[in-house]
2 protein chains.
Amino acid sequence: MTQIVDALAALAQETRLRAYRLLVEAGPEGLPAGRIGEELELPPATLSFHLAHLARTGLVRSRQEGRFVIYSADFRNMNQLVGYLTENCCGGRACAPSTRRTRVRA
Amino acid sequence: MTQIVDALAALAQETRLRAYRLLVEAGPEGLPAGRIGEELELPPATLSFHLAHLARTGLVRSRQEGRFVIYSADFRNMNQLVGYLTENCCGGRACAPSTRRTRVRA
DNA sequence: ATGTTATTTCCATTATTCTGGAAATATGGA
DNA sequence: TCCATATTTCCAGAATAATGGAAATAACAT
């Protein structure tokens, strides 16, 4: 439960949610921190604070690449989060919307 | 986006998440505030604060019934939230787990 | 009206989170 | 080596959220 609350809190902040979405869009290659700060127009200290927060909860990973630190979305925790919400917070009814996306057959 | 951040923030707090889950379990009839406070062992002011927070975001509704105020989960916003996460934060892959639960633990 | 129970509002205190400048650290290049 | 660039850490101030006692409001019963 602590994990779930932490993941929710990590995303419950506009700057972090925007950063996370950028990284989802960017795909597995991810983006260097500076690129994210540019996109979000954040001073470096603020950016670092939020990226560290996302990384702490495991929603995001980082790897060093030369002078750059590359961040990328880690979907495992997001899967867990969506799974939790679907199973525990939707009262049995279909909570995920019927989008035209990948249908999952169980 | 503000709506999504608000919903996430509402659930990103242990007390509120627990209250919300209780209400999901309780179904459409919901539960009187006092019953929730009893279950969660909260002083009335604290309980009221958190329930009001959930209601403000639309995750929960309340209705007066005699001397009691009955709270119940409103799934519309939860659907929206899960939908948003699935569509915007999962990078195209299936985010909801394919585990089909026949039994929901109480 | 008075009493009892349920819930909320008021308010102050404490705790947590956010913000960003300045300094520190890290890496690569000349 | 020294310099430029990328990112983080340090730190302190500002903003926001959580907590709960006490008083207020609401609803019903006698």
Side-chain angles (χ1 to χ4, degrees), chain A residues 1-23 26 29-74, chain B residues 1-23 26 29-74:
Chain A
M1 173 112 129
T2 310
Q3 260 195 94
I4 295 296
V5 169
D6 285 352
L8 287 166
L11 297 170
Q13 210 275 354
E14 183 162 344
T15 299
R16 283 193 298 266
L17 183 54
R18 296 217 289 145
Y20 185 78
R21 286 194 39 173
L22 264 180
L23 292 176
E29 321 90 76
L31 289 174
R35 195 77 197 41
I36 302 170
E38 219 173 86
E39 205 73 45
L40 270 42
E41 302 184 61
L42 295 171
T46 304
L47 174 68
S48 218
F49 169 81
H50 288 300
L51 290 177
H53 196 324
L54 284 169
R56 216 179 319 120
T57 67
L59 284 163
V60 141
R61 328 186 124 282
S62 70
R63 63 180 196 274
Q64 187 101 20
E65 214 163 272
R67 268 189 288 194
F68 302 85
V69 177
I70 313 283
Y71 284 88
S72 56
D74 184 334
Chain B
M1 173 113 129
T2 311
Q3 260 194 92
I4 295 296
V5 169
D6 285 352
L8 287 165
L11 297 170
Q13 211 274 357
E14 183 162 344
T15 299
R16 283 194 299 266
L17 184 54
R18 296 216 291 145
Y20 184 78
R21 286 194 38 173
L22 264 181
L23 293 176
E29 321 89 76
L31 289 174
R35 195 76 197 43
I36 302 169
E38 218 171 86
E39 205 75 43
L40 269 43
E41 301 184 61
L42 296 171
T46 303
L47 173 68
S48 218
F49 170 81
H50 288 300
L51 290 177
H53 195 324
L54 284 169
R56 217 182 315 122
T57 68
L59 284 163
V60 140
R61 325 185 125 285
S62 70
R63 64 182 197 273
Q64 187 100 23
E65 215 163 87
R67 270 189 285 196
F68 302 86
V69 176
I70 313 284
Y71 284 87
S72 56
D74 184 336

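Below, all heavy atoms of this structure are taken into account, side chains as well, without hydrogens, waters or symmetry copies. Below, read A as the first sequence line, B as the second, and so on, with proteins coming before strands; counting in each chain starts at 1.
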Tell me: CZ of R35(A) to P of dT7(D), nearest whole Å?
-> 12 Å
For atom CD of E41(B), is the number of surrounding heavy atoms from other residues, nucleotides or ligands below 6.0 Å larger than 12?
-> no
Rounded to whole angstrom units, what separation is found between the CD atom of E41(A) and the C1' atom of dT19(C)?
-> 16 Å
Atom CD of E14(B) and atom P of dT16(C) are separated, to the nearest Å, by 13 Å
Would a distance-only check, ignoring hydrogens and angles, find a side-chain to backbone donor-acceptor pair under 3.5 Å from T57(B) to L54(B)?
-> yes
Of the listed dT8(C), dT5(C), dT7(D), the closest approach to the R67(B) side chain comes from dT5(C)
Just to confirm, is there a sub-4.0 Å distance from OP1 or OP2 of dT8(D) to any side-chain nitrogen or oxygen of Y71(A)?
-> yes
Using a 4.0 Å cut-off on protein heavy atoms (strictly under), produce a 5'-to-3' string for nucleotides 12-20 of chain D with B for base contact, S for backbone-only sugar-phosphate contact, and - for none.
-> ------BBB
How close or far is atom C1' of dC18(C) from atom CG of L40(A), stated in whole angstroms?
-> 15 Å
Tell me: CD1 of I36(B) to P of dA6(C), nearest whole Å?
-> 14 Å
Return a table of donor-acceptor pairs under 3.5 angstrom between the side chains of residues 11-20 of chain A and protein atoms on other chains or two or more places apart.
residue	atom	partner	partner atom	Å
Q13(A)	OE1	T15(A)	N	2.9
Q13(A)	OE1	R16(A)	N	3.2
R16(A)	NE	A10(A)	O	2.7
R16(A)	NH1	H50(A)	ND1	3.1
R16(A)	NH2	A9(A)	O	3.2
Y20(A)	OH	C89(B)	O	3.4

Close side-chain approach of L31(A) to I70(A), heavy-atom, < 4.5 Å = no
Can you tell me the distance, in whole Å, between the CZ atom of R63(B) and the P atom of dA6(C)?
-> 17 Å
Between the OH atom in Y71(B) and the CD1 atom in I36(B), the distance rounded to the nearest 0.5 Å is 7.5 Å
List the steps, then state whether side-chain contact (heavy atoms from CB on, under 4.5 Å) holds for D74(B) with L59(B).
-> CA-CA 5 Å; D74(B) 184 336; L59(B) 284 163; over 6 Å; no
Length of the line joining F68(A):CZ and dT25(C):C1', which is rounded to integer Å | 16 Å
Rounded to whole angstroms, how far apart are CG on L51(B) and P on dA6(C)?
-> 15 Å
